[in-house]
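First comes the structure, then the notes that go with it.
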Amino acid sequence: MLTLTIVILNSGSIIDIMVKPEQRIMDVIYVLAQNNKILLDDTKFKVYIRSRRLGEYINNMMTFKQANIFYGDILYVEVEYE
């Protein structure tokens, strides 16, 4: 299991979560949205995720392992509506 910190830039919320390395990043975002941690409207939106450790945006369709996200990483999440 990986312990990560998620910073939601739209609301300023900070969440510490545990995920499996084989989980798809976007699936975790949807779970957070179902639990009202991230607001995702039914309209079109894009989710941008940046790793603090890597210093770059990551593909949210990858798994955490594929994206080289490791224990203790901090991910910045921003939702942009069209």
Side-chain angles (χ1 to χ4, degrees):
M1 296 290 275
L2 301 175
T3 300
L4 305 173
T5 299
I6 306 281
V7 178
I8 303 158
L9 297 176
N10 297 73
S11 66
S13 300
I14 299 173
I15 304 166
D16 291 323
I17 62 170
M18 291 180 73
V19 297
K20 294 179 182 177
E22 303 82 24
Q23 283 182 286
R24 192 167 309 280
I25 298 167
M26 198 61 197
D27 291 343
V28 172
I29 298 299
Y30 285 131
V31 170
L32 291 173
Q34 289 173 347
N35 289 295
N36 297 318
K37 301 295 183 185
I38 297 177
L39 178 63
L40 296 179
D41 289 339
D42 290 336
T43 60
K44 290 187 178 183
F45 59 87
K46 292 182 182 179
V47 177
Y48 297 98
I49 301 174
R50 185 171 51 88
S51 165
R52 179 177 182 199
R53 185 181 52 79
L54 296 173
E56 59 189 32
Y57 287 95
I58 56 176
N59 183 343
N60 54 24
M61 296 311 291
M62 293 179 151
T63 65
F64 290 97
K65 186 175 183 177
Q66 290 171 330
N68 294 316
I69 302 302
F70 300 115
Y71 183 92
D73 208 344
I74 299 173
L75 300 180
Y76 297 98
V77 177
E78 183 173 9
V79 180
E80 181 180 280
Y81 297 98
E82 297 179 0

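When reading the values below, keep in mind they use all heavy atoms of this one structure, side chains included, and skip hydrogens, waters and symmetry mates.
- Linking Ile, Leu, Val, Met, Phe, Trp and Tyr whenever their side-chain heavy atoms come within less than 4.5 Å puts Phe45 and Ile29 in one cluster.
- Following chains of ILVMFWY side-chain contacts shorter than 4.5 Å, one can reach Ile17 starting from Leu39, so the two form part of one hydrophobic cluster.
- For residues 1-13, the set of pairs meeting the side-chain hydrogen bond (donor to acceptor under 3.5 Å, both in side chains) definition, not counting sequence neighbours, comprises Thr5-Asp16, Ser11-Ser13.
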### Task
Please lay out, stage by stage, how Tyr30 and Val28 fare under the test side chain to side chain contact (heavy atoms under 4.5 Å, CB included).
CA-CA 5 Å; Tyr30 285 131; Val28 172; over 6 Å; no
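- No donor-acceptor distance shorter than 3.5 angstrom exists from the side chain of Asp27 to the backbone of Gln23, with no hydrogens or angles considered.
- Environment of CZ in Arg53: crowded, with over 12 heavy atoms of neighbouring residues, nucleotides or ligands closer than 6.0 Å.
- Atoms CD1 and CG, on Ile69 and Leu54 in that order, are 5.0 Å from each other to the nearest 0.5 Å.
- Put simply, NZ on Lys20 and CZ on Phe64 are 12.5 Å apart, with the number rounded to the nearest 0.5 Å.
- The same ILVMFWY cluster, assembled from side-chain heavy atoms under 4.5 Å apart, contains both Val79 and Ile6.
- Arg24 pairs by the salt bridge (charged side-chain N to carboxylate O under 4.0 Å, His left out) definition with nothing, not counting sequence neighbours.
- In this structure, Asp73 and Ser51 approach most closely via the heavy-atom pair OD2-OG, 3.0 Å.
- By the rule that hydrophobic residues join a cluster once side-chain heavy atoms approach within less than 4.5 Å of another member, Tyr48 and Tyr76 end up as members of separate clusters.
- Nearest heavy atom pair, residue Phe70 against residue Leu4, reads O-CD2, 3.4 Å.
- For Pro21 against Thr63, the heavy-atom pair with the smallest separation is O-CB, 3.6 Å.
- Cluster membership check: Ile8 shares its hydrophobic cluster with Tyr81, using side-chain heavy-atom separations under 4.5 Å among Ile, Leu, Val, Met, Phe, Trp and Tyr.
- A distance of 4.5 Å separates CD1 of Ile49 from CG of Asn60, quoted to the nearest 0.5 Å.
- Of all the heavy atoms in Asn35 and Val31, the pair that sits closest is ND2-O, 2.9 Å.
- Rounded to the nearest 0.5 Å, atoms CD1 (Ile25) and CD (Gln66) are 8.5 Å apart.
- Contact between Ile15 and Lys37 at its shortest, heavy atoms only, is CD1-CB, 3.5 Å.
- In this structure, Met18 shares a hydrophobic cluster with Met1, the cluster being traced through Ile, Leu, Val, Met, Phe, Trp and Tyr side chains under 4.5 angstrom apart.
- Note that the CG atom of Leu75 and the CZ atom of Arg52 stand 11.5 Å from one another [nearest 0.5 Å].
- Across all non-hydrogen atoms, the minimal contact from Leu2 to Tyr71 is CD2-N, 3.6 Å.
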